[in-house]
Amino acid sequence: MIKKIWFILLLVGSCNAAPEKNFTASARKYSTIKCLGLCEKNNPAIAKIGQMVKFDLEFTDQLDIELKATSKQPTPQALKKLFADGISLCLLLKEDKDKTIGVEVFDTNSGASVFKKSYPHSADSLVLDGHRIGNDLIPALTGKSSVALSTLAFCKQVSSKQKIICVADYACKGEKDLITHKTLNVAPAWHSQAPMLFYSQFTPTRCRLMAFNMANKHQQNICAYHGLNMQPSFSPDGTQVALCMSANSDNSEIYLYDQQLCSRLKKRVFRQLTHNKGNNSAPCLLPNGNLVFCSDFQTGNPQLYHLNRETNTVKRLSNGQSYCAAPTYNAKKNALAYTRYINGNFQLFSMDLRDDSVIEKQLTRGPGDKLDPAWSPCGHYIAFTYDLKNEETGKKIPQIATFNCDSKNIRILTHNDFPKSFPAWTHASLYQL
C-alpha cells in the first residue's frame with residue numbers, strides 16, 4: 001500500500017526543483033511603465049514598506065520601480081524633468097503627523113495627483129502594511145486585480161522523514177511553519193469558504209486527511225480510512241467536497257462528500273464517483289457540479305478526464321499522449337492549468353473549458369520541471385513547484401515560483417536549501433493569523 005501511495009504522490013506532482021534567479025524573463029517583450037518611488041529619508045519602516053510596495057507593483061510585470069530616499073515633496077518642475085527622462089509616475093511614501101503613512105502618486109506629465117491615501121502601520125506588520133498599499137495601488141495604476149493580500153500555503157521538506165506545511169504572504173516574504181508534526185505532511189488545500197487548510201498526513205498504514213482552522217488554531221482528523229485520503233476539492237459554497245481515496249482497494253478512486261445528504265441521512269457518506277481499474281487522483285469540483293480528474297485507466301499514462309455527473313459520462317480532455325497530471329481549476333477563467341511531460345521536462349499547460357473543442361495550450365518552455373500548479377484567485381498567475389538546476393551550485397532544490405499568464409514571465413519566490421512543493425493559493429490574508 002505504501003508503494004501505491006507514493007505512486008499517487010508522483011501522479012499529482014513531485015518535488016525536485018532548484019531555481020537560480022529571482023526572475024526569469026521569457027523571450028517575449030513586455031513593456032513596462034517606469035515609476036520613481038520616493039521614500040522618506042531616515043525612516044526604516046518607510047524603507048521596508050517601500051520595498052514591499054515595489055515588489056507588489058513589479059509583480060504585475062507592468063511597472064518598473066526605482067526607489068530613492070528623499071526629504072522633499074516633488075515639485076512641478078521636478079515632475080516635468082522626470083517625464084522628460086521617460087518616467088511616467090512618481091510615488092511618494094512619507095510618515096504624516098498622525099504617524100500614518102501618506103501615499104501619493106503623481107502623473108509626471110500633468111503633475112496631477114492620481115492616487116492619495118493614508119495607511120496605519122505597525123513595526124510588527126510592515127510586510128502586511130506594504131501589501132495593503134500595493135493591493136490598492138495595483139488596480140488604480142494598472143486596471144488589474146491584485147493578489148497582494150492573498151496567501152500561499154506549501155510543503156517544505158526539513159528531513160528525509162519530515163515534511164511540514166508552511167503559510168506565507170503571496171510573495172513568500174513572511175513564511176511561517178504551520179504544521180510541524182514529525183512525519184510527512186503533504187498536499188495542502190484551502191476550503192472555499194472557511195479559513196481552513198486541509199492537508200494529508202502519512203502514518204505507517206495510511207495517508208489521513210487533516211484540517212487546520214486558521215482562526216482558532218484547532219486541528220482535526222477529517223478521515224483516516226485505510227490507504228489514501230487526500231486532495232480535497234470544494235464546491236464554491238463549501239457544502240460538497242471531492243477527494244481521492246483508496247478505501248481498501250488496490251487503486252484510488254474519486255469520492256464525493258455531500259454535507260446536505262449526510263445531514264439528511266444523519267451519517268457520514270462518501271459516494272464513489274469514478275469506477276475503473278486505474279489510479280484516479282487530483283479532483284477538481286467544477287461550479288456546475290461536474291468533475292475534472294486525473295487517471296491512467298485508459299492509456300496507462302495519467303490523462304485529464306471530465307465527468308458529467310448528470311449523465312454519468314466520462315470524456316477524456318487531454319490528447320492521450322505523454323504524462324498529464326495535477327489539474328487545477330480557476331472559475332474566473334473557466335480554465336484548467338496542469339502539468340504535462342514534453343521533450344524531457346514537465347511544462348505548464350492550460351485548457352479553456354469554455355471552448356467545446358478543448359484545445360490544450362502550452363504555457364512554459366525551457367529547462368526545469370514545472371509541477372503542482374495552483375491558480376491565483378484572480379486567474380492572472382499560476383504558482384508551481386520549479387525544478388531547475390542551480391548553475392552556480394549544481395544542486396536541484398525545488399522552490400515555489402509563479403507564472404504570469406499575461407507577460408509569460410516566471411518569478412521564483414523562495415530561496416533556501418529546503419525543498420518545497422504543492423503550493424496552494426487562497427484570496428484571504430491568513431498567514432498573519
Side-chain angles (χ1 to χ4, degrees), residues 1-15 153-155 157 161-165 179 181 183-191 196-212 219-234 240-258 262 268-285 291-298 300-305 307 314 323-329 338-339 371-374 385 421-424:
M1 179 56 67
I2 294 297
K3 182 177 180 181
K4 176 71 71 176
I5 290 174
W6 282 114
F7 174 80
I8 295 298
L9 282 179
L10 176 64
L11 188 92
V12 297
S14 61
C15 54
F154 53 89
C155 178
Q157 184 170 345
K161 297 182 179 180
Q162 185 182 17
K163 290 184 179 181
I164 66 176
I165 304 294
I179 309 298
H181 302 294
T183 182
L184 300 177
N185 305 282
V186 299
W190 295 100
H191 193 278
M196 300 199 53
L197 182 65
F198 292 74
Y199 63 98
S200 291
Q201 185 178 87
F202 281 90
T203 72
T205 60
R206 66 203 67 203
C207 179
R208 61 186 182 183
L209 184 64
M210 305 288 292
F212 182 90
Q219 295 188 57
Q220 182 180 357
N221 185 341
I222 300 301
C223 57
Y225 298 107
H226 190 81
L228 290 176
N229 303 272
M230 63 187 308
Q231 301 175 326
S233 173
F234 296 90
Q240 294 185 337
V241 56
L243 69 161
C244 172
M245 302 170 69
S246 53
N248 291 320
S249 64
D250 291 333
N251 69 322
S252 58
E253 301 281 5
I254 307 302
Y255 288 77
L256 181 75
Y257 176 85
D258 188 322
C262 294
R268 179 181 288 190
V269 177
F270 291 91
R271 177 187 166 204
Q272 188 172 340
L273 297 182
T274 59
H275 300 81
N276 58 59
K277 299 299 183 181
N279 290 300
N280 304 277
S281 65
C284 294
L285 197 55
L291 183 78
V292 170
F293 64 100
C294 192
S295 181
D296 61 358
F297 79 95
Q298 198 174 53
N301 269 329
Q303 299 293 312
L304 304 190
Y305 292 86
L307 170 64
V314 174
Y323 190 113
C324 299
T328 177
Y329 176 76
Y338 56 101
T339 185
L371 307 165
D372 317 324
T385 303
S421 57
F422 295 110

Note, Leu243 side chain near Leu209 side chain (heavy atom, < 4.5 Å): yes

Side chain to side chain, Asp258 and Gln240, heavy atoms closer than 4.5 Å: yes

Donor-acceptor side-chain pairing of Asn251 and Glu253 below 3.5 angstrom: yes

Closest heavy-atom pair and its distance - Ala282, Ala326: CB-CA, 4.2 Å

4.5 Å side-chain heavy-atom contact, Leu304 and Tyr338: yes

Criterion side chain to side chain contact (heavy atoms under 4.5 Å, CB included) on Phe422 and Val186, from CA distance to verdict: CA-CA 7 Å; Phe422 295 110; Val186 299; 4.3 Å; yes

Gln272 side chain to Thr274 backbone, donor-acceptor under 3.5 Å: yes

Tyr257 ring center within less than 6.0 Å of Phe270 ring center: yes

Main-chain N/O of Thr183 paired to Gln162 side chain as donor or acceptor, under 3.5 Å: no

Over all atoms of both residues, closest heavy-atom pair of Asn229 and Met245: OD1-CE, 3.6 Å

Closest non-hydrogen atom pair, Ala325 against Cys294: CA-SG, 3.8 Å

Donor-acceptor pair, side chain of Trp190 and main chain of Met196, under 3.5 angstrom: no

Atom pair CE/CZ of Met230 and Arg206 - distance to nearest 0.5 Å: 15.0 Å

Contact summary for Ser233 and Leu285, nearest pair of heavy atoms: OG-N, 2.9 Å

Min side-chain heavy-atom separation Val314-Leu307 under 4.5 Å: yes

Flag, side chain of Thr385 to backbone of Asp372, donor-acceptor distance under 3.5 Å: no

Spacing of CG belonging to Asp296 relative to CD belonging to Gln298, to within rounding of 0.5 Å: 11.0 Å

Pair Asn280-Ser295, side chain to side chain donor-acceptor pair (under 3.5 Å): steps then yes or no: CA-CA 4 Å; Asn280 304 277; Ser295 181; 2.8 Å; yes

Backbone of Cys207 reached by a side-chain donor or acceptor of Ser200 within 3.5 Å: no

Pairing residues for Asn185 by the side-chain hydrogen bond (donor to acceptor under 3.5 Å, both in side chains) criterion, not counting sequence neighbours: Gln201

Validation row, ring centre Phe198 to ring centre Phe212 under 6.0 Å: no

Heavy-atom side-chain proximity of Phe297 to Lys277 below 4.5 angstrom: no

Chi angles and distances behind the side chain to side chain contact (heavy atoms under 4.5 Å, CB included) call for Ile164, Ile179: CA-CA 5 Å; Ile164 66 176; Ile179 309 298; 5.7 Å; no

Heavy-atom side-chain proximity of Leu291 to Cys284 below 4.5 angstrom: no

Ser246 side-chain N/O to Ser249 backbone N/O, donor-acceptor pair under 3.5 Å: no

Atom pair CE/CD1 of Met210 and Ile165 - distance to nearest 0.5 Å: 11.5 Å

Contact check, side chains of Asn221 and Arg208, non-hydrogen atoms, under 4.5 Å: yes

Heavy-atom pair of closest approach, residues Leu197 and Pro188: CD1-CB, 3.9 Å

Parallel, tilted or perpendicular, as decided by the 30° and 60° cut-offs, for the rings of Tyr305 and Phe293: parallel

